[in-house]
Visitor: 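A single structure is presented below for examination.
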2 protein chains.
Amino acid sequence: MAVTLADVARAAEVSTSTVSRALTQPERVDERTRARILDTARRLGYRPNRAARSLITGRTGNLGVIVPDLTNPFFPDVVAGIQARAHQRALTTLLADTGDDPDAERDLIATLAPQVDGLVLCGARLPVDDLADAVSGSAVVLVNRSEPGLASVAVDNAGGARQAVEHLHALGHRRIGLVAGPATSHSARERSDGARRAAAALGVDLVEVGTVAPTFDGGRGVADAVLRADVSAVVAYNDAITIGLLHRLHGYGVRIPAELSVVGFDDIQIAQMAHPPLTTVRFPRREAGRLAVDRLLDLLAGERDPGDEPEPLPTELVVRASTAVHRSRTT
Amino acid sequence: MAVTLADVARAAEVSTSTVSRALTQPERVDERTRARILDTARRLGYRPNRAARSLITGRTGNLGVIVPDLTNPFFPDVVAGIQARAHQRALTTLLADTGDDPDAERDLIATLAPQVDGLVLCGARLPVDDLADAVSGSAVVLVNRSEPGLASVAVDNAGGARQAVEHLHALGHRRIGLVAGPATSHSARERSDGARRAAAALGVDLVEVGTVAPTFDGGRGVADAVLRADVSAVVAYNDAITIGLLHRLHGYGVRIPAELSVVGFDDIQIAQMAHPPLTTVRFPRREAGRLAVDRLLDLLAGERDPGDEPEPLPTELVVRASTAVHRSRTT
DNA sequence: GTGAAAGCGCTAACAG
DNA sequence: CTGTTAGCGCTTTCAC
């Protein structure tokens, strides 16, 4: 069997309470006894039993993370940020993915909540009422979605979309296509709105080409509509769509960026591997993850209300080769 | 406070043991009492306290998964397979990634092991002795690595490499480059060996072009060496390398597959999005994940020894556009 | 500063 | 088939 507190206590010739204290509240134990205890604990290879500990304290030392889809390269980066910070804070990360299914999301919240001290929900798809219902009683932080009364890490999606439109405008584009993401997605709406506002402000024609799944296939499927829209540039909801679009257009023999400029969103790894490398908006995924953990810890410590929202994290346009000065009409 | 067993027992007018039994060994309780208990439990919103339960049973209901790097698209698919099966078996998945750092791997094994019923180690990088040491006392299954005495899910890496070489041979290639993966990687060695044996058997010249990191950048860096090797085809350790290679060669104006045929390994999602779409060897990632859970459950049930190894999972060549009949010398 | 004692919520003998 | 009785390993009053 494993070494228990009692074993250490016996070996160090003190009571179990003293050993317990030496481990969790070192300042409340005499320095010399503490040294002796810590030493024997190490010698015996003592490892506290988390189950027993949390049975009393109610704390688990675990942090739950729920993402819609790990095979979407967006999320592993967020998770990496979360894990890094969680690890620093001596928290173990418990990760689950919902497979993009809101019902699974609800189930997983229910399953995970009792096993963790707090929950980070990335790209939660659940309607706000269901969400509020599911997380009631748990410390929760939303990433890339904000709802009144729930803590969140917001990212400046609208600002990113604005930068994309401004960039294209600066390059001389005056008629720009918008490929929007799913209407159910919070960030999709923010990005579309941001693009619309920027276009209006600059006097640019924004043609709404369509609404598609945020995937490679979604992008391929919308290529025809993009061509039909007769635009000189396109901004899309995310990089996956953009790469699918590029792929299909490539098949049609459309030269990018000579004949069409294209801007993605997220700056996932593949964005730089595309032909041509994608101009896109960097989404601070790791930072968002780290911040989510900090926010959660504040919440647990009672140091902040779920309500008061900090500034959204900035997004940043990364210019690569998929955008160019608008010439197709002038040549 | 939360509803406890005792609350349910009181409300249903039975003892706590009966409630406990009704929940965990339903057949040992009278059908009618059981119905009543289950009913009141539901009505009261009873949720068993896992900490208390596992304090006694020693079981946690958790399954630990350790991967080297979630941002490598290979692993999320394995994890998806694991999660799917684990969920069916009412196990929660606890996931951690090591960031490709063997020390972190050791730490994580130590941290996770006491919180889970069993551990699935994907692409473990730890030397065999350290590994055996770290996992002693835990139920463990290795994915894509096998070590004597440890249970594992093996995949036929050598067979995949053989198929790749045979394919190129069939297309007329007689001088083929091999870009190997890191020497520390078990599967990298298996793939290289498989390719060598196949080449020898077919009388094909296999030119060892180099050993690189299994990444996009690794592939880019090896492009010059590939050209210098004067081969008509290349097989690489994995798709990431292959895509990097393609990318750089593209920049050089080398036409693929007209001037050089290229075969990857893994069939990650991006493989079909590459220009041209990659001929590659499909690695059954989800299947491997599912099987790992089954294996682990067998282990826990004492139904199989860690020693007896089942057949490795088959790999399968997927032919796409990055390979073609060898003409560059004949035209 | 340290020890004794009382549980946390649950399961597992053991009787009945 | 059901209840009683002991704890699992740990933390936390409360005395000393």
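Note on naming: letters A, B, ... go to the chains in the order of the sequence lines (proteins, then strands), and numbering restarts at 1 for each one. Computed from heavy atoms alone, side chains included, the values below leave out hydrogens, waters and symmetry copies.
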Visitor: Run the salt-bridge test on A:Glu147 and A:Arg145 with the 4.0 Å N-O cut-off and return the result as yes or no.
Guide: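 A salt bridge is present here (some side-chain N lies under 4.0 Å from a carboxylate O).
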Visitor: Look at the side chain of A:Ser17 and the base of C:dA4, then say whether one donor and one acceptor between them are separated by less than 3.5 Å.
Guide: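 Yes, the side chain and the base share a sub-3.5 Å donor-acceptor pair.
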Visitor: What nucleotide among D:dG9, C:dT2, D:dT12 has an atom nearest to a side-chain atom of A:Thr57?
Guide: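 Ranking D:dG9, C:dT2, D:dT12 by closest atom to the A:Thr57 side chain puts D:dT12 first.
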Visitor: Take atom CZ of A:Arg34 and atom C1' of C:dT2, then tell me their distance rounded to the nearest Å.
Guide: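 In whole Å, C:dT2 C1' and A:Arg34 CZ are 14 Å from each other.
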Visitor: Roughly how many Å is it from CG in B:Asn49 to P in D:dC8, rounded to a whole number?
Guide: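 Roughly 18 Å, once rounded to whole Å.
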Visitor: Atom CZ of B:Arg36 to atom P of D:dC1: distance rounded to whole Å?
Guide: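 One finds 15 Å between P of D:dC1 and CZ of B:Arg36, rounded.
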Visitor: Let's see if you can work this out: which of C:dA12, C:dG3, C:dC10 has an atom nearest to the side-chain heavy atoms of A:Ser15?
Guide: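 Out of C:dA12, C:dG3, C:dC10, the nucleotide with an atom closest to A:Ser15's side chain is C:dG3.
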Visitor: If I take atom CZ in residue B:Arg50 and atom P in nucleotide C:dC10, what distance separates them, rounded to the nearest angstrom?
Guide: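 The distance from CZ of B:Arg50 to P of C:dC10 comes to 13 Å, rounded to the nearest Å.
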Visitor: Please state how far atom CZ in B:Arg53 lies from atom C1' in D:dG9, giving the value in whole angstrom units.
Guide: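 To the nearest whole Å, that distance equals 18 Å.
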Visitor: Checking side-chain polar atoms at under 3.5 Å, does B:Gln269 have a donor or acceptor matched by the opposite partner on B:Asp77?
Guide: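 Judged by distance alone, the side chains do not pair up.
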Visitor: Output the single nucleotide from D:dG3, C:dG3, C:dC8 whose closest atom is nearest the side chain of A:Ile56.
Guide: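 Output: C:dC8.
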Visitor: Suppose we call a contact any N or O donor and acceptor under 3.5 Å apart; does that hold for the side chain of A:Arg21 and the base of C:dG3?
Guide: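 Donor-acceptor pair under 3.5 Å: yes.
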Visitor: Compare side-chain N and O positions of A:Thr18 against OP1 and OP2 of C:dT2 and report whether any pair is under 4.0 Å apart.
Guide: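 A:Thr18 to C:dT2 OP1/OP2: no side-chain N or O under 4.0 Å.
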Visitor: Side chain of A:Thr4 only, please: which of D:dG9, D:dT4, D:dT2 is the nearest?
Guide: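 Ranking D:dG9, D:dT4, D:dT2 by closest atom to the A:Thr4 side chain puts D:dG9 first.
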Visitor: Measure from the side-chain heavy atoms of A:Val29 and tell me the nearest of C:dT2, D:dT11, C:dG3.
Guide: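 Given the options C:dT2, D:dT11, C:dG3, the side chain of A:Val29 is closest to C:dT2.
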Visitor: In this structure, how many angstroms lie between the P atom of D:dC8 and the CG atom of A:Leu55, rounded?
Guide: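 Checked: the CG to P distance equals 13 Å.
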Visitor: Is the closest basic N to carboxylate O distance between B:Arg10 and B:Asp7 below 4.0 Å?
Guide: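 Counted as a salt bridge, because a side-chain N and a carboxylate O are separated by less than 4.0 Å.
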Visitor: Contact class for A:Ser54 (heavy atom, under 4.0 Å): base, sugar-phosphate, or nothing?
Guide: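 Result for A:Ser54 = nothing.
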Visitor: Determine, for B:Arg106 against B:Asp103, whether the closest basic-nitrogen to carboxylate-oxygen distance falls under 4.0 angstrom.
Guide: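 Yes, charged N to carboxylate O under 4.0 Å.
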Visitor: Tell me whether the OP1 or OP2 atom of D:dC1 has a side-chain N or O from B:Arg28 closer than 4.0 Å.
Guide: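 For B:Arg28, the contact criterion (side-chain N or O under 4.0 Å from OP1 or OP2 of D:dC1) is not met.
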Visitor: Less than 3.5 Å apart, any donor N or O on the side chain of A:Asn157 or A:Ser187 sitting next to an acceptor on the other?
Guide: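 Judged by distance alone, the side chains do not pair up.
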Visitor: Calculate the interatomic distance between B:Glu13 atom CD and D:dG3 atom P; express it in whole Å.
Guide: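 Nearest whole value for this atom pair: 10 Å.
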Visitor: With respect to the phosphate group of D:dT11, does any side-chain polar atom (N or O) of A:Ser20 fall under 4.0 Å of OP1 or OP2?
Guide: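 Yes, within the criterion.
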Visitor: Starting from P on C:dG1, measure out to CZ on A:Arg32 and report it in whole angstrom.
Guide: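 It is 13 Å, rounded to the nearest whole Å.
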Visitor: Is there a side-chain contact between B:Thr33 and the phosphate of D:dT2, meaning an N or O under 4.0 Å from OP1 or OP2?
Guide: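 True: B:Thr33 side-chain N/O within range (under 4.0 Å) of D:dT2 OP1/OP2.
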